[in-house]
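Keep in mind that what you see is a predicted model, and the values were worked out from it rather than measured. Just so we're on the same page: letters track the sequence lines, and every chain starts at 1.
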Amino acid sequence: MLGELSQAFAFIFQPWPFFWVLLGTALGVFVGAVPGLTGGMLITLVMPLTFFMDSTQALVLLVAMYVGSVSGGLISATLLRMPGTPSSIMTTFDGYPMAQRGKPERALALGIGASLIGGLIAGVFLVLLSPPLSRWAMTFSPWEFFTMVLMAIVLIASISQGSMVKGLIAGFLGMAFAMPGLNESDGQLRLTMGIQDLSAGFNLLPVLLGVFVMSQIIKEAYELHKTPTALDPGRGRVLVKLAEWRRHSVNIVRSGVIGTWIGILPGVGASISSMVAYATAKNFSKTPEKFGSGHDEGIVASEAANNANVGGALIPMITMGIPGSPIDAILLSALILHNLQPGPLLFITNGDFVWALMAAYFVANILMFIIMTLSVRTIARVVVINKAYLLPVIFVFCVVGAFALSNRMYDVWVMIGFGVLGFFLDRVKVPLGPFVIGFVLAEIFEVELRSSLQMSDNGFWGILDRPIAMSFLAVSLAMLVWPFVQQRRLKRQRQLQEAKG
Amino acid sequence: MKSMARPTRRGLIAAAIGIFAAFPMASAQADFPDKPVKVIVPTQAGGGMDSVARILQRYFEANEAVLGQRIVVVNMPGAGGTIGTRAIKDADPDGYTVGFWHEGLITSRAMDVVDYDHGEFEVLGATGYGDLGFGVGTSSPYQTFEGLLDSARANPDAIKVATNVGLPVHFVPLMVQDKADVEFRYVQVGGGAKRFPSVVAGHTDFAIFGALEFIKWADADLKPIVMFSEERLPTLPDVPTAREMGVDVVAKANRVWLAPKGTPEDVSNHIVGALRTAMADPEVQSQMKELGITPDYVEPNELSVQLDEWRERALPLVEKARQLQQ
């Protein structure tokens, strides 16, 4: 393992791969810092441009963007009180008040440092867990994959942002849009309504471009008159003493592990990680009342967790081909576009590639720290950029990217259509993450279930032969029932209290 | 099934002469090609099919006199190749848009995904073909083709074949089933990269693979037990052919070049000539071999006969193929 990892590092430090990691991280940090531009947007936009790159270098670039963008968000969260990316929402609660009190350098330094350490913690898990997990997943039959996807779908429903019902609506809408087209399982056309263009269904890339990028373009254009004012990032050094980090070590490790774990859970993104880590830090804190008023611990918990989420979410993506977060759904489609078959076999067929990805993840985290520490003031000046200049360029990239996939105007219309749909979903506060995950998982879900049934002599009862699949099924059921059980228990407690009172 | 009379080669030449005699220099077609020729590939960039196009693209660029122009490769993946083949069929029949695909052209028609097959195109010959065979995991109980068939005969509908429904990889086992009087159980798994782990891990018992896949994955526990070529392959000398074993199934994946129906004869002849010359080039041949392709150019009339045969063998199997609807 160490041999492979050191080889991968040797690869990353060659001029071109290193250039891509550096470029990806820097672009990611910048895009993450600008409110309204997200990492998902950047990665989806750049993906078509990587068609003609070597597959390893392409994915290394995209992973670096992923790391950079999750980190960049903290700059605008701290100075603008606007999360640059959704994953730094929790950072606004303590970062901005601290900056307002005249300590912007300290707030930024805490966030940047926590991002680095959180990212590295997850990196260790990534390297240690991925090889055994992929070996284990090799023994998975379609039953296991089917029940695992089922688990992911239940999970989206139960810990979706905000309203569970809206999360469910988004997930099911995504699944519905995955239905039309040539059905892999029986080789027949489905729901194409005689429209020949629809026989390949809605392609993933145009859908992603629409939902993540086009919808945001419409939204930003709609709100163009709002120009945020940023706080001054100060003149002091953006570094925190090592001794202080020792004081935060428990919080940072805890948040890093929480972030990694939530990252591994399929379908849950970095924003949930930072929320859970923030809430946990508050519960364990000796001074919970200080949270929300510019407290160190809040910034550290939020930023360590959202970066750790990136590394954690890569684990199911590279070992099983199941996206750990919405951005991993995009990376998954990048793998497919580069003719790499995601799944447990990736380690065997493309081992060098997987290790290079992990090495790139580490290097991107370190470069992120250096870039952000050195140039946070410059970035702070550009985050208030007038987007009237930016949006038309992004739109052009969207159109070119959608068209390049299969040289059809149809895909461009799909992209625009899903952009409009995404815009309206966003306006009624239906989250777009579960929509994309639902869209991606629907196909895997159906194919694996139907393969299982085709293999099985006993129809659905065939699952009884598969203990791992059965346990996944049990976990799914438990997660589905748990909220209701809890509700009833709370109700009974209340009744008891009322009876006492 | 309406049968369409295939023009013979002599007929084609006669027709070409006829056109020339009637309209000497009647159109710009005599100058064909005076701009690059678009080649539609119905897969994504980077796959095995796409590589064939790229090899020829490089060749035509280095040897400009052969075609007289460059070719431009346009990838149009989707819906089992039918997005691409439809674009070829509906293009202007002026020779500036051609493309290529494989026997999936016929199976897609058989499965009713599209309403056309090779009969609705001008067939421009094949730039080589890939050989297909059955593969098992090295720890599978079925280490020979005979053993596999015996077990299948003893236990109908029990031996699981990993397949990709509605494509040639689905129809070849159906053909074997028909000839050897056995019955397999079909499991939708997907492309070769997915069938491989499924077979090696033992979730399914066997699957169809290309010759190159057998060579590439030999170290990863994939073992060929039979090939559907006319003769044993030089690259896999120990693997018997189905014919040797008494099962008369020959199945290849031809790289079938297609032009829209109505493309003028002299234009398609020009392209046919260019492809034939390209395939005789030693450099092209060695690059094709690396892709596991037997680099023989298959002449249009010979190919049409092969494709007609494929159609005749595939159509009776459609009912069985569509049963997989669970």
Query raised in the report: What's the verdict on side-chain hydrogen bond (donor to acceptor under 3.5 Å, both in side chains) for B:Tyr116 and B:Thr85, showing C-alpha distance, side-chain angles and the deciding distance?
Result: CA-CA 9 Å; B:Tyr116 56 83; B:Thr85 54; 2.8 Å; yes
**Report entry** Atom CD of B:Gln69 with >12 non-hydrogen neighbours under 6.0 angstrom
**Finding:** yes
Query raised in the report: Where does A:Phe140 contact chain B at under 4.5 Å (heavy atoms): side chain, backbone, both or neither?
Result: backbone
Query raised in the report: Among B:Thr204, B:Val74, B:Ile83, who wins on heavy-atom pairs under 4.5 Å with chain A?
Result: B:Ile83
Query raised in the report: Is it the side chain or the backbone of A:Ile336 that comes within 4.5 Å of chain B heavy atoms, both, or neither?
Result: both
Query - chain B contact via A:Asn203 - side chain, backbone, both or neither, heavy atoms under 4.5 Å - result: neither
Query - Proximal component of B:Val189, with respect to chain A [non-hydrogen, under 4.5 Å] - result: backbone
Report task. Let me know if A:Thr139 has heavy atoms under 4.5 Å from chain B in its side chain, its backbone, both or neither. Result -> backbone
Report summary line: The interface call for A:Glu448 against chain B, heavy-atom contacts under 4.5 Å, is neither
Query raised in the report: Could B:Lys223 and B:Phe214 be counted as a cation-pi pair, given that NZ or CZ must be under 6.0 Å from the ring centre and within 45° of the axis?
Result: no
Requested in this report: Could you tell me whether B:Phe184 and B:Phe206 have their ring centroids closer than 6.0 angstrom?
Outcome: yes
Report task. With a 4.5 Å cut-off on heavy-atom pairs, point out which of A:Arg408, A:Gln196, A:Met138 contacts chain B the most. Result -> A:Gln196
Requested in this report: Please name all residues satisfying salt bridge (Lys or Arg N to Asp or Glu O under 4.0 Å) with B:Arg86, sequence neighbours left out, ordered by chain then number.
Outcome: none
Query - Qualifying residues under ring-ring contact (aromatic ring centres under 6.0 Å, His included), relative to A:Trp20, sequence neighbours excluded - result: A:Trp16
**Report entry** A:Arg190 portion near chain B, given a 4.5 angstrom heavy-atom threshold
**Finding:** neither
Query raised in the report: Less than 6.0 Å separating the ring centroids of A:Phe177 and A:Phe418?
Result: yes
